[in-house]
Amino acid sequence: MAKETILITGITGYIGFKVLYIALTHGYRVRGVVRKEEQISKIKSHPLMNGLAAGVEFVVISDLTEAGAFDTALDDISVIIHLASPLAKETDYYDRDIVQPPLDMESSLLGSAFNTPSVRRIIITSSAVTLIPLSWITTSDNDTVFTSQDLNTDTTPPYHNSMEAYWASKALARKHVHDFLSRNKPHFDIIQLLPSVVLGPDDWATDLETFFVGTRAMIVPIVQGKVMEGALVGAPVLVDDVALAHVDAIKPSVPGNKDYILTSDTPEGIEWNSILDIAIKYFPQEVENGLLQCTGSLPTRKWKLDASDTKKAFGWEFTSFEDTVRKQLEQYITLVKSSRTSS
Ligand SMILES: NC(=O)c1ccc[n+]([C@@H]2O[C@H](COP(=O)([O-])OP(=O)(O)OC[C@H]3O[C@@H](n4cnc5c(N)ncnc54)[C@H](OP(=O)(O)O)[C@@H]3O)[C@@H](O)[C@H]2O)c1
């Protein structure tokens with residue numbers, strides 16, 4: 001039987017491109033949403049798309065926040081995976097640039113899906129940051145084990161920095177979905193996935209810049225000597241596991257109208273400075289010859305999360321932090337060595 005056609009947003013991103021790749025390798029047909037025409041050839045010409053490009057068709061939607069933006073894109077679509085979202089960025093307008101776009105995108109997508117009988121499920125990338133307000137980090141609570149039932153309700157502006165605005169935006173967007181479900185009782189169900197700090201190899205990486213971007217910047221810069229003062233929550237997850245969860249969530253056997261935390265090393269979490277021990281364990285030669293300096297540090301804010309529901313629903317275990325760091329450093333070392341041979 002031919003597999004379903006899945007619409008995916010955010011396919012130009014770190015997580016979304018992996019979701020696209022895994023969906024295609026699992027035999028799904030994909031309608032990929034991009035914002036600009038020129039992104040299509042970039043995706044098609046990626047080495048991972050070799051032999052897979054026939055399984056994907058593209059639709060250009062320049063503004064996903066506009067009401068009705070998805071109306072013509074959902075023909076015959078049974079499942080939507082919605083990853084597109086602005087990340088935390090410096091701006092003078094937190095509300096306009098960070099908080100409002102995800103809400104408007106959801107309204108647009110849910111509105112179009114509501115009028116499309118073929119849609120049976122929507123999978124939305126939320127975040128584990130929706131479980132707690134940013135201010136929780138400065139409390140002395142080291143014991144609470146947070147579950148997918150938790151939701152930050154402390155989202156009122158003004159936001160004092162881009163991170164606070166991003167945390168609020170993800171919490172508001174998650175609540176928006178809960179409210180939509182209880183108000184509208186749609187013919188489809190919704191799964192929200194809540195990744196913690198996403199790490200691991202970036203399929204788009206062609207140079208070393210990627211290791212200093214987003215959450216990936218929590219590994220290589222620390223190994224290479226960066227000393228960070230602010231603590232980061234000690235809850236990581238491998239990007240490949242996050243992407244696989246998005247594709248596995250298509251299966252009707254995964255219960256819908258539920259939120260699932262995606263995180264490894266539960267419930268205790270990890271210590272960020274163990275990155276240095278992991279580097280020494282797996283790459284002693286590179287440490288010895290100075291390619292890996294192992295001199296930085298990153299304090300950990302302990303954060304206990306419970307992902308037992310996720311493991312039960314999806315039937316697999318998360319990759320350990322140790323393996324996640326190993327994979328990330330492997331990609332870094334490979335790129336450093338190839339940049340040295342080509343220069
Ligand atoms: N990375 C993490 O640690 C992490 C953790 C938890 C949750 N998440 C969530 O996972 C999802 C994907 O994150 P990522 O790390 O893959 O981010 P990413 O690499 O920055 O990718 C973001 C994607 O969203 C699109 N996008 C950005 N702003 C948009 C806007 N205003 N309108 C429409 N599309 C927009 C981008 O498209 P263009 O290429 O066209 O800009 C890109 O495809 C997001 O929802 C994020 O909140 C990420």
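Side chains are part of it too, since the values below use all heavy atoms of this structure and drop only hydrogens, waters and symmetry mates. Start at 1 and go down the list; that is how both ligands and their atoms are numbered.
- Using a cutoff of 4.0 Å between basic side-chain nitrogens and carboxylate oxygens, K281 and E322 are scored as salt-bridged.
- A cation-pi arrangement is absent between R31 and F58 under the rule of less than 6.0 angstrom and at most 45 degrees off the ring axis.
- Judged by the 6.0 Å distance and 45° axis criteria, R121 is not positioned over the aromatic ring of F188.
- In this structure, atom 20 (O) of ligand 1 lies nearest to the protein heavy atom L87 CD1, 3.4 Å.
- Between I22 and L244, the shortest heavy-atom distance links the atoms CD1-N, 3.7 Å.
- Closest to atom 30 (C) of ligand 1 among all protein heavy atoms lies R35 NH1, 3.1 Å.
- A cation-pi geometry, defined here as NZ or CZ lying under 6.0 Å from the six-membered ring centre and within 45° of its normal, does not hold between R301 and W272.
- Short contacts between ligand 1 and G10, defined as distances under 4.0 Å to a heavy atom of the residue, involve ligand atoms 43 (O).
- Atom 16 (O) of ligand 1 has its closest protein heavy atom at I15 N, 2.9 Å.
- No cation-pi contact links K18 to W204, judged by a cut-off of 6.0 Å to the six-membered ring centre and 45° from its axis.
- The protein atom (non-hydrogen) at minimum distance from atom 1 (N) of ligand 1 is T215 OG1, 3.6 Å.
- Remark: minimum distance from atom 8 (N) of ligand 1 to any protein heavy atom is reached at Y166 OH, 3.8 Å.
- Between S112 and D71, the closest heavy-atom pair is OG-OD1, 2.6 Å.
- Listed by number with element, the atoms of ligand 1 under 4.0 Å from a non-hydrogen atom of K170 are 44 (C), 45 (O), 46 (C), 47 (O).
- For atom 10 (O) of ligand 1, the closest non-hydrogen atom on the protein side is T125 CG2, 3.2 Å.
- Considering only non-hydrogen protein atoms, atom 21 (O) of ligand 1 sits nearest to G13 CA, 3.3 Å.
- With hydrogens left out, the protein atom closest to atom 24 (O) of ligand 1 is S85 N, 3.2 Å, a heavy atom.
- The V198 neighbourhood of ligand 1 comprises atoms 1 (N), 2 (C), 3 (O), 4 (C), 5 (C), with distances under 4.0 Å to a heavy atom of that residue.
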